[in-house]
Colleague: 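The structure follows.
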Amino acid sequence: MYNFWAIFGIWMAAFLTLAIFSFLYKDNPFYKLAEHLYVGTSAGYMLIYTYFLTIKPMLIDPITKQQQFFLFIPAFFGIIMLTRWFPKIAWLSRWSIAFTIGIGTGLAITGSIQGILIPQIKGTLIALHGWNWTTLNNLLIIIGVISTLTYFYFSKAHKGVIGKTAKIGITYIMIAFGASFGYTVMGRISLLIGRMYFLFHDWIPLIH
Amino acid sequence: MRREIPLAITFITSLIIIVSFFIPHAPFGTMQEISLKWYAIIAGFTMLLGVDSLIHMHSQKIKRKKSGWVYSVVLIVGFAVFVVAGTISGFRYGTAMDINSSFMYLYNYVIIPLQSTMFALLSFFIASAAYRAFRARNLDATLLLITAVIVMIGRVPIGNQIWHNFPAIAEWIMAIPQMAAKRGILIGISLGYIAVSLRIMLGIERSYLS
Amino acid sequence: MNIFERIEKIDRRIIFLLVAIAVLLPLIFKVRMEIPISEPVKKAFVSVDTLSSGTYILISVDYDPASMPELQPMYKTLLMQCFEKGLKPVMIVQWPLGLPLSIKAMSEMAVEYNRIASKEGKDTVVYGVDYCNIGYRPGGVAQIVGIGKEIRDYFESDYKGTPLDSLPMMKDIHNYDNFALLFCLEAGSMGEMYVQYANARFGIKIIFGMTAVSAPDAYPYLQSGQIIGLLGGLQGAAEYETLMKKPGFATMGMTAQSWVHVLIVLFILLGNIGYFIGRKKRRS
Amino acid sequence: MDRYRVVFLILMLFLSLSVYGDEKIAPNDIQETFSDTVLFSVKINPISNFKGEDIPNDAGQSIKLSWEVSDDKSVNFYKIFKSDSPDGPFNPIVQLTSKFRRYDDRDDIKDKKDYYYKIVVMDNKGGAIESDVYGPYRSYAQWFNKKRGIVLFLALLFGFFILYYMKKAKKDPNLFIRRISGLDALDDAVGRSTEMGKPIMYILGIGEITDLPTLAGLNILGDVAEKAFEYGSSIRVPCYDPVVMTTAQEVVKQSAYAVGRPDAFNKNDIMYITKDQFGYAAGCDGMMIREKPGAIFLQGTFYAESLILAETGHSVGAIQIAGTTTTHQLPFFVAACDYTLIGEEMLAASAYLSKDPDMVGTIKGEDAGKLIILLFILIMVLMGTLGHIFHISPIIKIFNAIVALFIQG
C-alpha cells in the first residue's frame with residue numbers, strides 16, 4: 001500500500017533526476033534550478049545535522065546532564081572559529097585553526113610512519129626463494145616498487161641505469177593508471193545503473 | 001602578535017600529540033585524550049563555516065537582482081525548508097534522524113535523487129570522452145588503454161564468459177603490477193605528508209593562517 | 001570526409017543515448033550472468049562467516065547517495081549475514097550524508113530478516129539487543145584514535161540520542177578490543193585513516209568494501225596484511241551477494257555493467273582507429 | 001629507445017600467465033587460520049590457567065586478566081572479585097557473559113600496589129563454582145612505548161634529512177633538481193600555439209589558494225606566461241576561486257614585467273567564472289569552443305570535472321599539457337592530453353622553475369627519504385634471497401630480526 005506521500009515523493013525525485021539529466025542535452029533552466037536546489041538543501045541538511053550529531057551530543061548534553069563545565073573551553077574555541085564570518089575580528093579564528101592544524105600535523109606524522117611507511121616497507125621485504133609463481137610475483141612487486149620510487153627521484157638526471165629503471169617505473173605506473181581507469185569507468189557506470197533502476201522500477205515499473 | 005601566538009599553539013599541540021604517542025605515562029596520555037576530544041568539538045563547528053558565506057552571497061544576489069537571482073531564491077528556499085523540517089522533526093522525535101520524520105522524508109526524495117544523479121552524469125561524460133578524447137598517442141597512453149580494456153572486460157561477468165581465465169588475469173594485474181606502482185606512489189605521498197607536517201609544525205609553512 | 005572522420009565528429013548526445021540504452025535493456029529483460037568470485041572477496045566473506053555467534057562486528061558506514069548503488073548492496077548483504085549468523089553488528093558513521101542511509105538499510109534488513117525468522121521459528125533481531133547504530137561524531141582521525149581507548153568518550157548516545165548504557169548489547173563494549181572485525185564501507189579516504197590509526201595502533205582486523213574508484217588504491221594494504229579482505233565496486237557487491245546466495249541489486253546490475261563496458265571499449269577502439277587513419281593521411 | 005620497454009612489457013604479459021599457478025595471488029599472505037578470531041575455546045568446567053599482568057606500554061592503572069574455561073555451554077556468566085589482601089574482603093567488580101575469556105580491570109587501580117582476584121562461575125542451573133585466590137598482581141605506567149621505537153627512529157631519520165635540506169636550500173637555492181621533461185613540452189606547446197596565431201589558455205582547476213597543486217600551478221603559470229609574452233602571444237586564465245584569481249593576475253603581471261613587455265599584460269585576460277565544479281567546467285568549455293586556443297594547460301587541483309575539460313580541449317584540436325597531484329584524475333589526463341606531469345613531478349617542476357628554497361628543500365629532503373627506503377629494500381631483499389638460496393642461517397636470522405623490527409601497535 002503506497003500512501004500518497006510516498007507516491008508524491010517518488011514523482012518529486014523523478015522530476016529532480018530528469019532535471020539534472022537534462023544537462024546532457026544542454027545547460028538549461030531546469031538543470032540550474034535542480035543544481036541550486038541541491039546546494040541549498042545540502043547546506044540546510046548540514047546545519048541541522050551539525051546541531052543534532054555534533055553540538056547537542058558533544059556539548060549541550062554533557063554540560064546540562066553531566067555538568068562537564070570544562071567543555072566550555074573547546075566550545076569557546078569552536079565559537080571563535082565562526083568569527084571568520086566577521087572580517088574585523090576574523091583574526092581571532094586563527095587560534096582555533098592553529099589548534100586543529102597542530103593536532104592534524106601531530107597525527108599525520110605519527111600516522112604516516114606507523115600506518116603507511118612501516119607496513120608498506122615491511123610488505124616489500126620478501127626473501128625470494130623457491131621456484132614457484134609466488135616468488136616470481138614477489139620479484140615483480142619488488143621491481144615495481146623500486147622502479148616507481150626511482151621514477152619519482154628528482155636529484156639525479158634520468159640517464160644510464162637510473163634512466164632505465166625509471167623507464168620500467170613509468171611502465172608500472174601506466175599499468176596502474178590503466179587499472180584505475182578501468183575501475184573508475186566501472187564505478188561511474190554503477191551510479192547510472194542505480195538511477196536507471198530508480199526511474200524504471202520505483203517510478204515507471206518497467207523493471208520488476 | 002597576531003601571528004606568533006597561533007604558530008606557538010600549532011607547535012605545542014602537535015608536540016603534545018607526538019610526545020604522547022611515544023610516552024604513555026601519566027600526564028601525556030590524558031593530555032592526548034583531552035586534546036583529541038577538543039579537536040572533535042572544534043571540528044564540529046567548522047562544518048558551519050560554509051553555510052554563512054553561501055547564504056550571504058545568494059541573498060546579495062537576490063537583493064541586487066543580479067542575473068540568475070531566481071535560482072538563488074530556489075537555493076534559499078531549499079535551505080529554509082530543510083532547516084524548518086529538521087527543527088520540527090527534532091521537537092517531535094527528539095532527533096531529526098528518526099526514520100519517519102519529515103527531515104528524513106526530504107532527504108530520501110530530494111537529496112538522494114539530486115546528489116546521485118549529479119554523479120551519474122559522469123558515466124555519460126566518461127563514455128563520450130572515451131570516444132572522442134582517449135587516444136593511444138604514445139607508448140604510455142597505449143599501455144594505459146590496453147590495461148584499462150583488459151581490466152574493464154576482465155572484472156565483469158562478460159569477461160568470464162569470453163575466456164574463463166580473464167577474471168584471474170585482471171585480478172593478477174590488480175594485485176601485482178598495479179599494487180607495486182601504487183605502493184611506490186603511496187610511499188612518496190606519505191614522505192610528502194611528513195615533510196608538509198614538519199614545515200607546518202615548525203612554522204615554515206604559514207599559508208593556513210592567511 | 002571519409003567514414004572515420006564523420007564518425008569522429010558524432011554528436012555527444014548520440015553517445016549518451018547509446019549508453020542509456022545499453023544500461024536499460026539488460027535491466028528490463030533481466031538478463032542474468034554468472035558472477036565469477038575473486039580472491040579478496042572470498043577472503044572477506046570467509047573472515048565474517050567463520051565468526052561464532054554472539055561476536056561483535058563494527059561496521060563503518062562512510063558513503064553518501066553518490067556512491068549508494070555500489071556500497072548499499074554490500075551493507076545490506078553484510079547485515080543479512082550478521083543476522084543469520086547471530087553476530088552483533090554495531091554501525092558507526094563517519095560521513096554526515098551517510099547516516100540516513102545507514103539507518104534506512106538497517107531497519108529494512110531487520111524487518112526482512114524478522115519476517116523470514118518468525119516463519120522459520122528462529123528468534124527475531126531487536127534494536128539495541130542484536131544490532132545498533134551509534135551514529136556520527138565529528139573529529140575524523142582524532143575520533144578514530146579516541147574511541148580506541150573508550151567509545152563513550154565520543155559516543156555517549158546512539159544515533160537517536162538513547163544513552164549507550166541503556167542499550168543491553170553495549171554494556172561490556174568499550175573499544176576496538178571488544179570487536180572481532182571492522183568492516184569499512186568506504187567512498188573516500190576514511191578507510192585509509194582506519195588502516196593508519198585503528199589497525200596500526202589498536203590492531204583491529206579490517207575488511208574494506210570500497211567504491212570502484214578507490215578500490216585499486218587499497219591493494220597495497222591487502223598485500224601487506226593491513227586489511228584481510230576487499231570488495232571493489234558493484235562487482236565486489238555482486239560477488240558477496242553470490243557467496244551469500246542472495247542475488248540482489250548488484251547481481252542484477254552486473255549485466256548492464258558488462259554491456260556498457262563492451263560499448264565503451266568499442267568507443268575507445270573506434271575513436272583510435274579514426275585517429276590513426278587520420279594521422280596516416282595527414283603524414284602522407 | 002622504447003624498444004627496451006616493449007621487450008619488458010611482453011615479458012610481463014607472458015609472466016601474467018603465472019595465474020595458472022595454484023599458489024595464492026597475495027604472496028606473503030600469512031595464512032591466518034581464522035579460528036583465532038573465534039575467541040572462545042572450551043575445556044572442562046573449572047577455570048584454569050588464570051593470569052593477571054600489567055598491560056605493557058600504557059599509562060598504568062590497569063591489570064589484564066585472562067583465563068580459560070573447559071566448557072562454556074553450561075556457563076551462564078562469570079563474576080570477578082577483587083581485594084587488596086589475599087584473605088581480605090573480596091568485592092565484585094564485574095559480571096561477564098560466558099563468551100568472555102579476558103577482562104581489563106581499570107577501576108581505581110593504583111600503580112605498584114598488590115591486588116588479588118577470585119573468579120566465580122555461575123552455571124545456568126543456578127550453581128556457583130568459586131575459584132581459589134589468584135595474585136598478587138601489580139600495575140605499572142611505562143615511560144616509553146617500546147613497540148613504537150622504530151617509529152621514533154624513522155621520524156628522526158626522515159625529519160633530519162628534510163630539515164637538513166631545507167637549511168641547505170636557504171643558503172643555495174640552486175640545488176640540483178633534474179629538468180622535468182614536461183617543461184620542454186610546455187615550451188614547444190607555447191611556441192606551436194603562437195605560430196598558429198592562436199591564444200593560450202591556462203586552467204588552474206578548482207583548488208583553494210592553500211592547496212599544494214594550486215600553488216605549484218601558479219608557479220608554472222608564471223613560466224608559461226613569460227614564454228607567451230616572449231613569443232608575443234596572449235594568455236587567458238579562467239578562475240574558479242576569487243583569491244586564486246587575484247594571485248594569478250599578480251603572477252602574470254610580474255611575468256610581463258620580467259620579459260620587458262608590461263603593456264602586454266591585460267587584467268581582464270584573467271577572469272572569475274564561478275565557484276561551482278561543473279559550472280566552472282562548462283564555462284571553460286564555452287571559452288575553448290569560442291576562442292579555439294592552440295595550447296591548453298591544465299595545471300592545479302582537479303576532480304571529476306577534469307574529464308569534461310580534457311575532452312573539449314581535445315575536440316577543439318589544442319595541444320594539452322596537464323598536471324595534478326590528485327592520482328584519481330591522472331589516468332584521464334594521460335589518456336586525453338599530449339603530456340601529463342604526474343603527481344610529484346608537477347611539484348618538482350614548480351620547484352625547478354621558482355627556485356623557492358622551501359619547495360626545493362622539501363623535494364630534496366623527500367628524495368633522500370626515497371633513496372633510503374629504496375636502497376634499504378634492495379639490500380634486504382638481496383640479503384634475504386642469498387641467505388635462503390645458499391642456506392646461510394646467520395644471514396637468514398639477521399634478515400628475520402630486521403623484518404621483525406617493523407612491528408606495529
Side-chain angles (χ1 to χ4, degrees), chain B residues 29 32-33 35-37 39-44 46-47 93-95 97-99 104 107-108 111-116 118-119 123-124 126-128 130-137 145 148-149 152-153 155-161 164 166-168 170-171 174-175 178-180 182-183 186, chain C residues 8 10 12 15-16 18-20 33-36 38-40 64-69 96-97 99-100 103-104 107 135 137-140 142-143 145-146 149 153-154 159-161 216-217 219-220 222-223 232-233 235 238 254-255 257-265 267-268 270-272 275:
Chain B
Q32 172 179 322
E33 263 168 56
S35 30
L36 290 180
K37 182 81 180 282
Y39 173 89
I41 292 171
I42 297 167
T46 51
M47 289 158 79
Y93 298 95
T95 169
M97 288 297 154
D98 191 284
I99 198 134
M104 286 284 265
Y107 175 90
N108 281 335
I111 287 195
I112 288 184
L114 283 174
Q115 190 187 36
S116 49
M118 187 70 83
F119 282 83
S123 56
F124 291 106
I126 268 196
S128 82
Y131 183 72
R132 289 159 40 117
F134 296 155
R135 297 293 179 263
R137 53 175 58 76
L145 288 178
V149 165
M152 265 166 66
I153 299 299
R155 281 305 294 152
V156 280
I158 210 161
N160 182 36
Q161 287 178 344
H164 71 281
F166 228 146
E171 189 57 34
M174 296 305 293
Q178 189 265 157
M179 190 280 296
K182 284 280 168 65
R183 172 167 289 171
L186 191 58
Chain C
E8 214 174 355
I10 275 189
R12 291 172 62 168
I15 296 172
F16 297 159
L18 284 173
V19 170
M33 275 185 171
E34 192 232 336
I35 312 275
S38 69
E39 188 57 33
D64 56 11
S67 16
M68 198 168 85
L97 278 163
L99 181 58
I103 299 164
K104 203 161 68 131
S107 22
R137 291 299 179 278
Q143 175 227 100
V145 173
K149 182 138 192 345
D153 287 353
Y154 291 80
Y159 80 96
K160 273 195 286 200
D217 300 338
Y219 274 86
L222 191 63
Q223 192 265 351
Q235 168 70 11
M254 279 320 289
T255 318
Q257 190 89 37
S258 301
W259 285 25
V260 179
H261 280 211
V262 169
L263 187 67
I264 288 185
V265 166
F267 282 160
I268 293 175
L270 258 179
N272 276 285
Y275 169 74

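The structure displayed is predicted, hence computed values, not measured ones. Protein chains get the first letters and strands the later ones, always in sequence-line order, with residue 1 at the start of each.
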Colleague: List the steps and the verdict of side-chain contact (heavy atoms from CB on, under 4.5 Å) for C/Gln223 and B/Arg183.
Modeller: CA-CA 10 Å; C/Gln223 192 265 351; B/Arg183 172 167 289 171; 2.5 Å; yes

Colleague: For the residue pair B/Gln115 and C/Pro65, what are the closest heavy atoms and their distance?
Modeller: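 Nearest heavy atoms, B/Gln115 then C/Pro65: OE1-CD, 2.9 Å.
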
Colleague: Counting only heavy atoms closer than 4.5 Å, note whether C/Met254 contacts chain B via side chain, backbone, both or neither.
Modeller: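 Both backbone and side chain.
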
Colleague: Measure distances from B/Ile112 to the heavy atoms of chain C and classify the residue's part below 4.5 Å as side chain, backbone, both or neither.
Modeller: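 Backbone plus side chain of B/Ile112, per the 4.5 Å heavy-atom cut-off to chain C.
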
Colleague: Please determine, among C/Met33, C/Glu34, C/Arg137, the option with the most heavy-atom pairs under 4.5 Å with chain B.
Modeller: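 Heavy-atom pair counts peak at C/Met33.
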
Colleague: If I compare all heavy atoms of B/Glu171 with all of C/Tyr219, which pair ends up nearest, and what's the gap?
Modeller: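 B/Glu171 and C/Tyr219 have their closest heavy atoms at OE2-OH, 3.1 Å.
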
Colleague: At a heavy-atom distance under 4.5 Å, which candidate from B/Asp98, B/Leu114, B/Thr95 has the highest pair count against chain C?
Modeller: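 Most heavy-atom pairs within the cutoff with chain C belong to B/Thr95.
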
Colleague: Where on B/Met174 is there a heavy atom nearer than 4.5 Å to chain C: the side chain, the backbone, both, or neither?
Modeller: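 Both parts, backbone and side chain.
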
Colleague: Would you give the length of the straight line joining atom CZ of B/Arg137 to atom CG of C/Asn272, rounded to the nearest 0.5 angstrom?
Modeller: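 So the CZ of B/Arg137 and the CG of C/Asn272 are separated by 8.5 Å.
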
Colleague: Using atom types as modelled and distance alone, determine if a side-chain donor or acceptor of B/Lys182 lies under 3.5 Å from a backbone N or O of C/Pro220.
Modeller: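 Answer holds: no.
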
Colleague: Measuring heavy-atom distances to chain B, does C/Pro69 have an atom under 4.5 Å in its side chain, in its backbone, in both, or in neither?
Modeller: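 Looking at C/Pro69, nothing touches chain B.
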
Colleague: Quick one: of B/Gly44, B/Ala136, B/Ala43, B/Ser116, who has the most non-hydrogen atom pairs under 4.5 Å with chain C?
Modeller: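 The candidate making the most pairs under 4.5 Å is B/Ala136.
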
Colleague: Which atoms of C/Ile268 are under 4.5 Å from chain B, going by heavy atoms: the side chain, the backbone, both sets, or neither?
Modeller: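 The answer is both parts of C/Ile268.
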
Colleague: Could you tell me which portion of B/Met47 (side chain, backbone, both or neither) has an atom closer than 4.5 angstrom to a non-hydrogen atom of chain C?
Modeller: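 The side chain, not the backbone.
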
Colleague: If every non-hydrogen atom of C/Phe267 is compared with every non-hydrogen atom of B/Ala127, which pair is closest and at what distance?
Modeller: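 The answer is CD1-O, 3.8 Å.
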
Colleague: Quick one: what part of C/Gln143 sits under 4.5 Å from any heavy atom of chain B, side chain, backbone, both or neither?
Modeller: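 Contact with chain B is absent: no heavy atom of C/Gln143 under 4.5 Å.
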
Colleague: Give the member of B/Tyr93, B/Tyr107, B/Phe134 that has the highest number of heavy-atom pairs under 4.5 Å with chain C.
Modeller: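 Most heavy-atom pairs within the cutoff with chain C belong to B/Tyr107.
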
Colleague: Where on C/Leu97 is there a heavy atom nearer than 4.5 Å to chain B: the side chain, the backbone, both, or neither?
Modeller: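 Answer is both: backbone and side chain atoms of C/Leu97 are under 4.5 Å from chain B.
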
Colleague: Could you check which of C/Gly146, C/Ala20, C/Ser38, C/Gly161 has the highest count of heavy-atom pairs closer than 4.5 Å to chain B?
Modeller: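 So the answer, after comparing C/Gly146, C/Ala20, C/Ser38, C/Gly161, is C/Ser38.
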
Colleague: Please find the pair of heavy atoms, one from C/Phe16 and one from B/Ser128, that lie closest to each other, and give the distance.
Modeller: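 Smallest heavy-atom distance, with atoms named: CE2-CB, 3.8 Å.
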
Colleague: Quick check on the interface: out of C/Ala142, C/Pro100, C/Pro36, who has the most heavy-atom pairs with chain B under 4.5 Å?
Modeller: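 Ranked by contacts with chain B, first place is C/Pro100.
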
Colleague: Against chain C, label B/Phe119 side chain, backbone, both or neither, depending on which of its atoms sit under 4.5 Å from a heavy atom there.
Modeller: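 The side chain, not the backbone.
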
Colleague: What part of C/Lys160 gets closer than 4.5 Å to chain B, counting heavy atoms only: side chain, backbone, both or neither?
Modeller: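 C/Lys160 touches chain B through backbone and side-chain heavy atoms alike.
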
Colleague: Going from CG on C/Leu18 to CD1 on C/Ile264, what distance comes out if it is rounded to the nearest 0.5 angstrom?
Modeller: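 Reported value, rounded in 0.5 Å steps: 11.0 Å.
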
Colleague: Which atoms form the tightest heavy-atom contact between C/Tyr159 and C/Gly135, and what is the distance?
Modeller: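 For C/Tyr159 versus C/Gly135, the nearest heavy atoms are CB-CA, 3.7 Å.
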
Colleague: Grab the two heavy atoms, one from C/Ser258 and one from B/Val156, that are nearest each other, plus how far apart they are.
Modeller: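 Residues C/Ser258 and B/Val156, closest heavy atoms: OG-CB, 3.6 Å.
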
